[in-house]
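Quick notes on the structure that follows.
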Number of protein chains: 2
Amino acid sequence: MAKERIALTKFETEVMSVLWRLGEASVREVQDAIERAEPPAYTTVQTIVQRLEQKGAVRRTRKAGNALYFEPAITRKSVYRRLVDELIDLIGGSQPLVAHLVETGKLSLDDLKAIEKAAKRSAK
Amino acid sequence: MAKERIALTKFETEVMSVLWRLGEASVREVQDAIERAEPPAYTTVQTIVQRLEQKGAVRRTRKAGNALYFEPAITRKSVYRRLVDELIDLIGGSQPLVAHLVETGKLSLDDLKAIEKAAKRSAK
DNA sequence: ACCGCGCTACTACAACTGTAGTATGCGCGC
DNA sequence: GCGCGCATACTACAGTTGTAGTAGCGCGGT
């Protein structure tokens, strides 16, 4: 399987989000950056980062003192594509998904218009 | 936790989709209705249905011969809300989600307009 | 009443996911 | 050079999720 199709767990995706935002980070920095009411233990985050490395989703960049630094080896877009595709499969289409967003107030008419404008610009 | 907030696994959601579509079904009917290249065993589906019953997501309606019949005890909308909420949390907002749909061609401008119209109608 | 078929209840397991400890080693400061 | 602190590598476990078998029961047909 190509790297772009890597399946990530929820926690792995959370860790990737931190790395996409910071560009590169150590395990300790990832742990500190995770926004949770109760942060996971250092070794919990370390296990997840190592699994991501084994999956080819991150790679080591450098060492500072004893700490290893990691950076993403896959793109946010590729991970999001897979997540969204799976949700669409489960829900039965993208229209039901967006209609649901509008119905529940998670997406306003103004949001829709903004996206429409952006889409038109890209199509040109 | 109220029933409306029940967390379902992927396979459980698949089974619920069948029940929402059929209204009510036996384990065998659910198994037959699951569209997979390789259908799961009867006892696999039975386990999932029993777990859904334990979660309060389905309930028994009647018996025909030896077969028990089940119907949904939660709404499609409530399950979808949870799934979408979780994805939005992971992705960081609904705008990135919809923009992603448009970028990847899963949602066209026409689709957007149709949803906009429907949203306007509901707002009146 | 009996038999066969199909269903349920019960049981168990493998892989996954998140959890987190401990021993050891490395790097930094004194 | 040594000691301390922090990091890594390694290890292990609990609960979840999907998988699916078997014994026994009940229903329907003869």
Side-chain angles (χ1 to χ4, degrees), chain A residues 1 5-19 24-71 79 82-83 86 89-90, chain B residues 1 5-19 24-71 79 82-83 86 89-90:
Chain A
M1 176 195 295
R5 291 296 177 185
I6 293 174
L8 302 183
T9 70
K10 184 172 165 153
F11 197 172
E12 287 170 345
T13 305
E14 247 185 279
V15 168
M16 290 307 302
S17 295
V18 168
L19 288 174
E24 132 190 285
S26 65
V27 172
R28 178 68 66 189
E29 287 172 352
V30 173
Q31 183 197 20
D32 290 342
I34 280 174
E35 294 169 21
R36 290 228 192 139
E38 189 170 334
Y42 176 89
T43 40
T44 301
V45 178
Q46 188 193 11
T47 296
I48 302 303
V49 171
Q50 275 166 9
R51 284 175 185 167
L52 284 167
E53 193 180 18
Q54 279 161 3
K55 284 181 171 180
V58 306
R59 64 179 151 248
R60 302 177 182 199
T61 52
R62 60 184 170 95
K63 191 171 182 182
N66 279 321
L68 291 166
Y69 273 75
F70 297 86
E71 70 178 4
V79 171
R82 189 188 168 96
L83 286 171
E86 282 177 6
D89 263 354
L90 225 37
Chain B
M1 177 194 295
R5 291 295 176 186
I6 293 175
L8 302 183
T9 72
K10 184 170 167 156
F11 197 169
E12 286 171 346
T13 305
E14 247 186 278
V15 168
M16 289 309 301
S17 295
V18 167
L19 289 173
E24 133 188 284
S26 66
V27 172
R28 178 68 70 188
E29 287 172 353
V30 172
Q31 183 197 20
D32 289 341
I34 281 174
E35 294 169 21
R36 288 227 193 141
E38 189 169 334
Y42 176 88
T43 39
T44 301
V45 178
Q46 187 194 11
T47 297
I48 302 303
V49 171
Q50 274 165 8
R51 285 177 187 165
L52 284 168
E53 191 180 19
Q54 278 161 3
K55 285 182 171 180
V58 307
R59 64 180 153 248
R60 301 176 182 199
T61 53
R62 62 186 169 92
K63 192 170 181 180
N66 280 320
L68 291 165
Y69 273 74
F70 297 86
E71 68 179 5
V79 171
R82 189 188 169 97
L83 287 171
E86 282 176 6
D89 264 353
L90 222 37

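Reckoned from all heavy atoms, side chains included, excluding hydrogens, waters and symmetry mates. The sequence lines fix the lettering, A, B, ..., with proteins before strands; numbering per chain opens at 1.
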Residues A/Phe11, A/Ile34; criterion side chain to side chain contact (heavy atoms under 4.5 Å, CB included); working and verdict: CA-CA 10 Å; A/Phe11 197 172; A/Ile34 280 174; 3.6 Å; yes
Test applied, side chain to side chain donor-acceptor pair (under 3.5 Å); reference residue, A/Tyr69; option that passes from A/Arg62, A/Arg59, A/Glu29: A/Glu29
Protein proximity profile, nucleotides 16-24 of chain D - base contact B, sugar-phosphate-only contact S, no contact -, cut-off 4.0 Å on heavy atoms: -BBBBBB--
Whole-Å distance separating the CD atom of A/Gln31 from the P atom of C/dG18: 16 Å
Any side-chain heavy-atom pair of A/Leu8 and A/Arg82 under 4.5 Å: no
Gap between atoms OH and C1', on B/Tyr69 and D/dC27 respectively (whole Å): 14 Å
Presence of A/Arg28 side-chain N/O under 4.0 Å of D/dC6 phosphate oxygens OP1/OP2: no
Sugar-phosphate or base contact per nucleotide [nucleotides 23-30 of chain C; S, B, -; heavy atom under 4.0 Å]: --BBSS--
Chi angles and distances behind the side-chain hydrogen bond (donor to acceptor under 3.5 Å, both in side chains) call for A/Glu71, A/Thr61: CA-CA 7 Å; A/Glu71 70 178 4; A/Thr61 52; 5.5 Å; no
Distance, rounded to the nearest Å, where A/Gln54 contributes CD and D/dA9 contributes P: 11 Å
Basic-acidic side-chain contact under 4.0 Å: B/Lys10, B/Glu14: no
Between CD1 on residue A/Ile6 and CG on residue A/Leu52, distance to nearest 0.5 Å: 8.5 Å
Sub-4.5 Å side-chain heavy-atom contact between B/Leu19 and B/Val30: yes
Sidechain-backbone polar pair: A/Gln31 side chain, A/Pro40 backbone, donor-acceptor under 3.5 Å: yes
